[in-house]
Amino acid sequence: MNVLELSEQEIQRRNNLQALKDLGIEPYPAAEYPTNAFSTDIISEFVDLPVIGKDEEGNDVREAATPENSRVVSIAGRIMGRRIMGKAGFAELQDSKGRIQVYVQRDAICPEENKDLYNVVFKKLLDLGDFIGVKGYVFRTKTGEISVHAQELTVLAKSLKPLPIVKEKDGHVFDAFEDPELRYRQRYVDLIVNNGVKDTFLKRATILRTLRRILDDNGYTEVETPTLQSIAGGASARPFITHFNALNIPMYMRIATELYLKRLIVGGFEGVYEIGKNFRNEGMDKTHNPEFTCMELYISYKDLNWGMDFTEKMLEEICTAVNGKPEVEIDGKVISFKAPFRRLPILDAIKEKTGYDLYPMTEDEIRDVAKKLGIEVDETMGKGKLIDEIFGETCEGTFIQPTFITDYPVEMSPLTKMHRSKPGLTERFELMVNGKELANAYSELNDPIDQEQRFIDQMKLADKGDDEAMIIDHDFLRALQYGMPPTFGIGIGIDRLVMLLTGKFAIGEVMLFPQMKPEVKAPKDPVSKFVEVGFSEEIVPVLNKAGYNLVSTLEGGNAQKIQQQIGEIIKKYKLDIQKPSVDELNAIIEKIG
């Protein structure tokens, strides 16, 4: 890397890196560094030494801590703060669980005559962000802070980029690293400097672990199905398309795992589930990401009513595992996952919120209702899509407490059994929580003749211009013809579940690495373009450092000022480069003009 591309701090850190090497210290050692304790455990398990008397003011005087009477620990972590006070200093060490203070005394870590480890390494060559290992004993300082008295100090990794310094005083945070785009793009920095970020992802892990345990304990089998599929089926969504070179065929990133999991039910599995990534080539906003995690579960011989009971109990247990209780507070609202949840047919919900009874209406009549409600619709939308739009615009955001929206029209549910008692409707629910869909579930359609007709109807929608309509999956139809038992199926959006249980409002807060637009970099002309107008190749990085990234920015410039800027950079960075004369610069500027 060219030195001119580095900041002053980065240059200093690289100089410190070389100085460590010159002292014979390997800044990136390969050997294992054994640890036996974490910061939070050291603090929580600390036991004060016995009281041996009173001081002049009547305060307890305890036995002095030593390696012989105190807990000896070996810890490692990142330096997040440092205070030097002559022959001793303090460092704040951050490990994977938290932070602890380390007391570094010169003669303790340098018992021999050579004091370089303290005087040079600790005081001058270590920087915030560096990793060190410390062996020492635990004690309480005079100010009452539980700390580790270092007896040995080992450099474990040198940090070449400075961390954002987040300051806190009297409960107020200053210089916070809070720009969402920077935080998501540089999640590694976000995790280091922002309290609570790691906790969100530890809770996510708890959610997944608890979900798996519940499903495993009920005897259901976790499986894996293809991510690349020849037909994008199992949901109504626009897929990502790629090409399989070896087979010379187009392929789709899966939009759902449903059809493959149902094949396994046909094959004789009692219950199967998959937790994995789905991909939908659609919009991005605070609650949608094209790549998302979903859990899908299919269980033989169960129906929608059983599924609602099971879902209630499962979510109540997961919420309790994460938060210690079946409630979570989001933006001042307490959302309770305590069973049972409200159950409400979708057309009743629309009638309740809008006053319109859509049940007896035709497609054109429903389209007219949508227009009266100010909802943008077009002629490509079928009856199901229209109802979905009306519900989404007028109802969905109003359901804060967990609510099962049931009895969807058949046009909205091409993979769902017809309702056993309500013509034209299906046995389907969507679980709404805090105004968003969390789960989608069916009594699965297992009539192969009915399923084939539903697929044909979907293709008609595709012909009308609906790019989210399902494609006929002939192999899935063939599997159904071998017979699939009555089955309940459910899909739960894991990212949204994590958002709910951690009180986050943006999906990027619960995804470690959400999709981002490419970084926008300032435009820069190639070196050859500068050479064409008369600059030497070696002077171009200096011009860039001075802010001249485009040849055009030099047009009409002051040659003397430009020469001065070039000279200052050459001197500052001690570059062995000859700066151009004012006459040479004038000639170049005139040529550019």
Visitor: Restricting to pairs with a member in residues 111-120, which pass side-chain hydrogen bond (donor to acceptor under 3.5 Å, both in side chains), not counting sequence neighbours?
Guide: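 Matches after skipping sequence neighbours: D107-K115.
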
Visitor: Any pair with a residue in residues 69-93 that passes ring-ring contact (aromatic ring centres under 6.0 Å, His included), sequence neighbours left out, goes on the list, sorted by first then second residue, please.
Guide: F90-Y103

Visitor: Are there over 12 heavy-atom neighbours, none belonging to K333, within less than 6.0 Å of that residue's NZ?
Guide: yes

Visitor: Take atom OH in Y301; do more than 12 heavy atoms of anything else shown fall under 6.0 Å from it?
Guide: no

Visitor: Tell me whether the rings of F310 and W306 are parallel (<30°), tilted (30 to 60°) or perpendicular (>60°).
Guide: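 F310 vs W306 ring planes: parallel.
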
Visitor: Test of understanding: with side-chain hydrogen bond (donor to acceptor under 3.5 Å, both in side chains), list the residues that count as partners of K124, not counting sequence neighbours.
Guide: none

Visitor: Would you confirm whether Q105, through its side chain, and A108, through its main-chain N or O, come within 3.5 Å as a donor-acceptor pair?
Guide: yes

Visitor: Please determine whether a side-chain nitrogen of the Lys or Arg among E178 and R183 lies less than 4.0 Å from a carboxylate oxygen of the Asp or Glu.
Guide: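 No, E178 and R183 are not salt-bridged.
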
Visitor: Evaluate whether atom NZ of K203 has more than 12 neighbouring non-hydrogen atoms of other residues, nucleotides or ligands under 6.0 angstrom away.
Guide: yes

Visitor: Taking Q401 for the side chain and S336 for the main chain, is one N or O donor matched with an acceptor at less than 3.5 Å?
Guide: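 Answer holds: yes.
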
Visitor: Applying side-chain hydrogen bond (donor to acceptor under 3.5 Å, both in side chains), which residue pairs with at least one partner in residues 73-89 are found, sequence neighbours left out?
Guide: R83-Q101

Visitor: How far apart are the closest heavy atoms of F177 and D190, and which atoms are they?
Guide: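 Heavy atoms of F177 and D190 come nearest at CE2-N, 3.8 Å.
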
Visitor: Can you tell me which residue among I25, I132, I109 is in a side chain to side chain contact (heavy atoms under 4.5 Å, CB included) with V121?
Guide: I25

Visitor: Hey, can you pull the donor-acceptor pairs under 3.5 Å for the side chains in residues 16-23, sequence neighbours left out?
Guide:
| unit_1 | atom_1 | unit_2 | atom_2 | d |
| --- | --- | --- | --- | --- |
| N16 | OD1 | Q12 | NE2 | 3.0 |
| N16 | ND2 | D127 | OD2 | 3.1 |
| Q18 | NE2 | D22 | OD1 | 3.0 |

Visitor: Residues in salt bridge (Lys or Arg N to Asp or Glu O under 4.0 Å) with E181, at least two apart?
Guide: R185

Visitor: Salt-bridge test for D216 and R213: reply yes if a basic N is under 4.0 Å from a carboxylate O, no otherwise.
Guide: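 Judged by the 4.0 Å cut-off on N to carboxylate O distance, D216 and R213 do not form a salt bridge.
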
Visitor: Considering only NZ, NE, NH1 and NH2 on the basic side and carboxylate oxygens on the acidic side, decide whether K161 and E10 come within less than 4.0 Å.
Guide: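 Looking at E10 together with K161, the answer is yes, because their closest N to O distance falls below 4.0 Å.
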
